[in-house]
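Working notes, beginning with the structure itself.
By convention in this document, chain letters (A, B, ...) are assigned in the order of the sequence lines, proteins followed by strands, and residues within each chain are numbered from 1.
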Protein chains: 2
Amino acid sequence: VKAETPLHSLLGMTAPVILAPMALVAGGALASAVSAAGGLGLIGGGYGDRAWLERELDTAGKARIGVGFISWALENQPDLLALALKREPCAILLSFGSVRRFASTIHNAGIPLIVQVQTVADACIAVSEGAAVIVAQGTEAGGHSGTRGTIALVPAVVDAVSPIPVVAAGGIADGRGLAAAMMLGAQAVLCGTAFYAARESLAHVNAKRATLDASGDQTVRSALFDAARGYVWPPQWQARSLVNDFQKRWSAEAGISSDRLKLMQEEYRNALTTGDTGTMAVFVGEAVNLVQSEESATAILHRIMNEAHCRLSGHRSLGASA
Amino acid sequence: VKAETPLHSLLGMTAPVILAPMALVAGGALASAVSAAGGLGLIGGGYGDRAWLERELDTAGKARIGVGFISWALENQPDLLALALKREPCAILLSFGSVRRFASTIHNAGIPLIVQVQTVADACIAVSEGAAVIVAQGTEAGGHSGTRGTIALVPAVVDAVSPIPVVAAGGIADGRGLAAAMMLGAQAVLCGTAFYAARESLAHVNAKRATLDASGDQTVRSALFDAARGYVWPPQWQARSLVNDFQKRWSAEAGISSDRLKLMQEEYRNALTTGDTGTMAVFVGEAVNLVQSEESATAILHRIMNEAHCRLSGHRSLGASA
């Protein structure tokens, strides 16, 4: 098995599938399982829980893994980047904010910098700031995203940043999506939802179960769960999750007072301990239609690869070439 | 040249590219040009301008074309469907509303009914109401759309309605998008933006020019231009267009009074006569990045087909099969 593109060599992958660094979900076990299967697992550095990150880096041990951070959150805790770099990850992924402050540190450590963007304009900025790889993330993604859709964003970003390699993210959870992304000019895909219910995922068992029955029609992108968790996100990025009772009820309330906000946040915290999916956010994307059973990360990756192989080798004609 | 799938036979296509029935833009000349090149042109029945539709049907003459209508608008003018059926179109496309009232009339006329939907749930309803073909339209599309993205919606709709053929729409304007749609399980694509600036398009020359310079980052989905035109759309569908001064200025105004609304509508009407793209809506989608010159419909379709052929024949491996 050999790597076929510069991106594969750069990241040590034999399969063009990268695990999205889902906060509190993509831990050391899931990341190393995806990497062991030939892809690249990224541990979710999230909002800066140092103890969580140390534990998950320990769990991954010497496995070939990368770490992903939220750029604007990392600004407040730049020491977490140092912690990650000390473990010699095979890549650092940054998303949601400028990477100017971090790029040279990562570059000097000899680690490839992957930057995830949501617009063509931000792709160009990321390249100017030192990105070695661009992830073009569509609004179909679970968790935070912008507003552009994957199928038009990816080729536009490829055209804008070529020859920098582009990875497609958002709405891709099976081999059809991987094959489609290749056609769009991506060299790999980054998948979160596909692995959310994986056996190695740290998502709550109730949250995993909720994804198996859900339709992509039932997700919504909103700022509500950020308010419920006390996070202040820049307004251009909102988080996609399954619609639930909590989301519907509080979204209907206009102009939430600070007392009401406290109540909302307390309600949310309580639900996390009980695993109540009627209240807590299940951060999955529109591709949740394609997630139908709890499998190992290896089985998921192999299924995606096999299906993509079949699609790519089965299509020889569009009907007009005969 | 032979048709290769049941869908191609049904619609008489040799190239799997359908022209979106853009209101006031996709007229008889554009529709018949797309059909002559092997695709299928749909004339935009729009909001029910009978004189416009009669003229454009006349322009198309005996060409193999279809006609598209807005379902909820057709409810108020069902005679337009009779007008279209009298010309023996090769298909009727309905979108944005129930087709229950029209399906049997269309079926009895022996015309294939194509129904465009924006969710998996609506795809299932459309099939139960008599759709022979489903268009799964992502939110990347120009003009009205729902909120789901194409790359995750198409495979989910394919899974839900199989063996009914599915056409992908939204964000597709070049051969990369066509090849990607095929990988997702679509049997054809429906494109509006790709043909908006075509020589045969009835869009204003200023509007065409605006699309050539625009980025997909600069489109927005909103209800504002519907208000400006005096249309009352069901809230789940909003229209994507280029962002412009008019859109920004009036969107910033909360709670527009009826006097202010009259002023807004007058301002909008005036801009239509002068072709002021700072005010009037240019209804194109996120794939506008991929539209870079004014070409004939034939040249556009051939470019899309050739590029898709290259992509589909060039990909034999994902890197892990070696």
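With chain B as the partner, the residue from A:Gly216, A:Gly171, A:Ala156 showing the most heavy-atom pairs under 4.5 Å is A:Gly216. Interface summary for chain B: among A:Thr150, A:Val154, A:Val120, the most heavy-atom pairs under 4.5 angstrom belong to A:Val120. When each of A:Thr139, A:Ile172, A:Asp159 is scored by its heavy-atom pairs under 4.5 Å with chain B, the top score falls to A:Asp159. For the options B:Gly170, B:Ala188, B:Ala152, B:Ala180, heavy-atom pairs under 4.5 Å to chain A are most numerous at B:Ala180.
Counting all heavy atoms, side chain and backbone alike, A:Cys90 lies closest to A:Pro112 at O-CD, 3.2 Å. Minimum heavy-atom separation, B:Phe96 to B:His144: CZ-O, 3.2 Å. Taking each heavy atom of B:Phe283 and B:Phe225 in turn, the nearest pair found is CZ-CB, 4.1 Å.
In this structure, the side chain of B:Ser293 does not engage the main chain of B:Glu295 through any donor-acceptor pair within 3.5 Å.
Neither the backbone nor the side chain of B:Thr193 has a heavy atom closer than 4.5 Å to any heavy atom of chain A. In this structure, chain A has a heavy atom under 4.5 Å from the side chain of B:Leu290, while its backbone stays farther away. For B:Glu140, the part lying near chain A is the side chain, with the backbone staying farther off; criterion is any non-hydrogen pair under 4.5 Å.
Contact check on B:Arg148 versus B:Asp122 returns no salt bridge, with no Lys/Arg side-chain nitrogen under 4.0 Å from an Asp/Glu carboxylate oxygen.
When each of A:Val220, A:Thr219, A:Asp217 is checked for a side-chain contact (heavy atoms from CB on, under 4.5 Å) with A:Val243, only A:Val220 meets the rule.
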